[in-house]
Every structure is written in structure tokens, then in C-alpha cells.
There are 2 protein chains.
Amino acid sequence: MPSADFDVVAIGNAIVDIIARCDESFLSRNGIEKGHMHLVDADRISALYSDVGQAIEISGGSAANSMVGLSSFGGKAAFIGKVADDEFGNIFGHDVRAAKVQFDSKPVSGGAPTSRSLIAVTPDGERTMNTFLGISTDLDDGEIDPTLIEKAEITYLEGYLFDQPEAKAAFRQAVSIAKAKGRRVALTLSDSFCVDRHRDEFRTLIKDGIDILFANDSEITALYQTDSFDDAAKQAGQEVDIAALTRSAEGSIIYSNHSATKIAAAPVSDLVDTTGAGDLYAAGVLYGIAKGLDPAKSGALGSLAAAEIISHIGARPEASLAELAKKTGVLG
Amino acid sequence: MPSADFDVVAIGNAIVDIIARCDESFLSRNGIEKGHMHLVDADRISALYSDVGQAIEISGGSAANSMVGLSSFGGKAAFIGKVADDEFGNIFGHDVRAAKVQFDSKPVSGGAPTSRSLIAVTPDGERTMNTFLGISTDLDDGEIDPTLIEKAEITYLEGYLFDQPEAKAAFRQAVSIAKAKGRRVALTLSDSFCVDRHRDEFRTLIKDGIDILFANDSEITALYQTDSFDDAAKQAGQEVDIAALTRSAEGSIIYSNHSATKIAAAPVSDLVDTTGAGDLYAAGVLYGIAKGLDPAKSGALGSLAAAEIISHIGARPEASLAELAKKTGVLG
């Protein structure tokens, strides 16, 4: 391992996305609620795959996407997640390393296959995910490299992993390692269904160990069981040092030390596929925080990265975000 | 098998493309000649993959791309090619069937993996292919379903398969089945390196059994060992009923019953990736021929399909070619 420190190390699901365009009827005839992440078993993903049209395969995974984005901004990123010794594991490992993200997890033989998510993109650009968690579910505290956590300014946790009991234990271990070293811990809530499944544990984790919280409108209101975004946002702002809360086209709000900064969404001329919008927003904000930028600047980087990702298929940036930030004047 | 007839049945390599953008230095430091298809072994494709940046995976294969294009025009297509019982075989089968192309080949267990091609796309949009022929090389006459060949108006042969001795035998068998039924046989030369490797056999096959020939500039001059495109084109026009010969941005020429028709290239506002340009040109021309359209009309369909495919990543159309032909007035 190189001796250099990292801006962020992320722990998340290592996933290859299978992205297919579909019409609204694909969702309705398969009883899939639009815009969410649904956990599916091997039979279900196979049935959905048979019913959907031509697809492309491209590396994904929420926190992994964020680390690729961070790296594209010029940040130093590492990723911890579990892949199998199969084609999709090979693809995932190649792509994350090609993006200069350190990824030391060894592919596992003889177990479940590498996780994949069938992402149905409707004509409005909205993505609906059907995730088959193969080997990802086996992530446990044995995967957590303490020296990696200690070397990272921020440890970033993907909420989706809360669906896996062993992973929860791994999270707690990572939090305590980071805290002992005086590092910061960030969490993304990932999905409102996921929040509903694990509300109490999320609440406890946030109070006890989270410094930086990412959530969207429906996740943060689900967490605090309120209909009011403003009420939920204020509560989050009191519980963590930094809360970065997104509201789709309306932009985002960053609470930092109890003071709120409104961030505008960056203009998008052609909305193609919203896959990864939240992940790339987090990439920009995490980069800003790690570099000591103020909330306005950090949020602008998040908006810029989100706008790049929704202008094309897939959740990995096609352009250099560092160059884009320079060209648009967000970074000098 | 449905009782309906087919416009075209194609025999070709079943391949999943791994498409990565690269700079010119990737080609030079790996000693790869630009714009061609290079056959590579497992070690070589693995080394090249390690050296190239983030990629996406998308179904390909020259003749398979053409059949997907034919289907997108509204034609009835079938494909014969060999895949392994692995992830890439699964992807290939799903995508070709999702495009309504009949594909009955059973995945093979326990042998070589499904074929894949690492396609490096330089900033000028030119694609350079590095193909690892896994299970594709096992295609033999046992794969040729005689009733399928008999039911198709045109049998379309992919020249790349000439690198495999058993496949050559399968070609000859397909030709004799088609001829016995009074059907037509088409061939694409695929690549000038491939022509160099098998010139004499190509010449014999064309004289004895080919009605419709597809080739580009460098392939047709390689076939007839001349520097003059015009000389080569005339010779081709004398040997087959229809010769459709492409010249990149200069468009194409279709010789039909010894008379030449010039076809303009369709305008492309944004050249992204030339992968599949020849395959989709062939799709349009084959559709026109199968439907009894004249050379000018058939060629225009070819140009239109080629223009669509080079405006985005990958060799499978993103738009309905039937609708595009209607919208642009090429078909009423």
C-alpha cells in the first residue's frame, strides 16, 4: 500500500449496473415502484432481465461511483467492497482502478456471484433499480482494513449496506477506528425504503458517530417521520456537523454548524439518465469538505458533478470533473 | 420455431464488446495498428484491458449487429453463432433476442468462454478492435440449422469467421443449402487483414457461391491485390450480382447487374464512435434488397443506419431505424 493519505475511503456495495431503457409499462406490469432501489433475488432479476430490452453493462455501486467522482476532481480515494471471482467482479475491479481509486479487496471464489443492478431508465430519465445482492452481502468486519480507515480524512458509509447485518457490524467497527484517530465519518442514507427498514439503527448511528450526512428529500423525511422537508432538515442540521440534503431540480441545502446554505442545481440541457446523480453530488461535496472549501463552493461542486452524470447513460463521469470545475469557474 | 420466413439469417461471431475511450498513445505503446481487428489470446486481451481506462460492456459481433439493425428497420432476422454458458454469453443472448432477432444457439458449458472484443476508441472516433475468440472458434457445421437457412431469403456470412477452419466448412454447407433452395447468399469481407489471411479461399467462395458482396475500400483492394479502388470495384461488380462497397465519409457504390449507383454518406453532426458503421450499412442495404428496393434506396438506408450508429457509443442502434427512415423521408 502506498504511504500517501486519502481524502476519502468509502465502504459500499460493489455493483455492476445493467442499464436498459424501458417504457412506463415495464414498471407497471412488473409491479415496480418508480425511482427506488428494490432488492431482488436471482429468479426475480432473471425474470426482469428477460422482459427488458437491450442493455449495456457499466460499473456502478453508489459509494464506488462517488469515489470515482472524487478521483475525477483530483481527490485521493479508496474503496472497500466485495466482488466474486467472475466476469462482473473483473469488470468492477478494472473500472474502479482505471479511475485511480485504490481497491484492494480480493475477489472471492466459490460463493455468490458479483452483485448487479438492473436499472430501468424511463423516457423521463428517471432510474429504477432492481438490485441482486450477491457476494456484496458477505461484507463483514474482516474486510475493514484499519490502516486504510486511519489514513483517510473521511470514511464514507453507504446506507444500502444496512440491509446486511454483518455489514452493519463492519460499519460500527470502521466508525470506531476513524473516531479513535480523530477522523470524520460520513453517511449517505441511500434510499427511503432502506431508511424505513432500518430507521432506528440509522438514528442511533447518526447521533453517535456521523459527522457528515447525505440524504435526499424523501430519505430525510422518512428518517425523521415527518412530511415537512424543512423540519427534517433542521433536525438533521442539529444532529450532525454537516448535512447535505438534495431536492432534485430544486438544488440542495447544506447545513454546516447549524447554518444553512442554499445551493442551486447546475443547468442540464439534456436529461438522459438520473442514475448516479446523488452519488456524484456526494463526490463533489466530499471533495470540497476534504479540501476545506466552504459549503457554497462544496455544494457547487456537487451540483456540477450531478449535472454531468445525468447528461449521459451510466453513473461514472465521462468528462474530467477537475477540468469541468475549472472551465465553469467553480474552481480557479 | 415459428413458421414465418426470415428476410436474412446471419452466421457470425457472437461477441460482447468492451468499449473504452483511449488516446493515441495507448495504441502506439501496445503496438496496435489503428482501425483494424486484431485477433488476440487470453493473456493479451487481459494485458490490454489492464492498460485501458474505464469501459462499458455492450453486445456486438459484426453480423449480429447487422441483424439487430435489420430488425430495427422492421425486417425479420435470425442469427447463428456460438456462446458459452457464462455472463457474456447471457448478455449476448439477451440483447440479440431483446432486439427481436431469432437466436436458437444453445450456450456451451465447459469449453472456452464467450468471445469478447476490447474496442479502443480514439478521440477521432475511430475504433480499433482486439478480439479474443473464445467459444466462437468452435462454430462448425453442426450449428447450421438447414431449415433456418432454407426459410431465409438471404443467408449472410461474416468474413471474420474465415479465421476458423471448421467455420469455413459450416459456411460452405450453408451456401449449398441456400443454393439448393434457390436462396441468395451474401458475404462481408470484414477486415483487410482477414482478407490477406484467406484471399484465395475468399476469391473461390465469391466466384462459386456469393450473390451479394459487402466490402470497404481497403478490403476490396486487398481482395483483388490492386491499389485502385475503381479497378477492384469493377472486378467485384462482374463477379457478383450485387456489390456494396463503402468508402467511409465518401459514401458508397452499389454495383447491381454490372451498373454502378453512387450513394452519398448521410450527414453526421457528432462523430462519437465508428464501431459498427459497416455492420449497420450492411443492415440497411440487406433490408432494401430483401424488400426489393432499388440500389439507390437500399444504399440510402445503409447510409442512414451507419450515420445513426456512429453518433453514439456501441454498435447497436439506439433509435428505431424504421422510424428514422420514415422521418427522414428515405422510406414513405
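Letters A, B, ... mirror the listed sequences (proteins, then strands); counts begin at 1.
Put simply, the side chain of Glu57(A) reaches to within 4.5 Å of the side chain of Ile91(B), judged on heavy atoms. Within the 4.5 Å cutoff, the side chain of Val68(B) has heavy atoms near those of the Gln54(A) side chain.
For the side chain to side chain contact (heavy atoms under 4.5 Å, CB included) with Ile56(A), the qualifying choice from Ile19(B), Ile313(B), Ile58(B) is Ile58(B), the only one to do so.
The candidate with the highest count of non-hydrogen atom pairs below 4.5 Å against chain B, out of Lys100(A), Arg316(A), His94(A), Glu318(A), is His94(A). For the options Asn90(B), Val16(B), Asp17(B), Asp86(B), heavy-atom pairs under 4.5 Å to chain A are most numerous at Asn90(B). Of the listed residues Gly314(B), Gly53(B), Ala20(B), the one with more heavy-atom pairs under 4.5 angstrom with chain A than any other is Gly53(B).
Heavy atoms of other residues, nucleotides or ligands lying less than 6.0 angstrom from NZ of Lys326(B) number 12 at most. More than 12 heavy atoms of other shown residues, nucleotides or ligands fall within 6.0 angstrom of atom CD in Glu24(A). Counted within 6.0 Å of CZ on Arg127(B), heavy atoms from surrounding residues, nucleotides or ligands total more than 12; the atom is thus considered enclosed.
Among all heavy-atom pairs drawn from Asp95(A) and Ala55(B), the shortest one is OD1-N, 3.1 Å.
Tyr281(A) meets the ring-ring contact (aromatic ring centres under 6.0 Å, His included) test with no other residue; sequence neighbours excluded.
Below 4.5 Å, heavy atoms of chain A meet no heavy atom from residues 268-277 of chain B.
Only the side chain of Arg116(A) has a heavy atom closer than 4.5 Å to any heavy atom of chain B.
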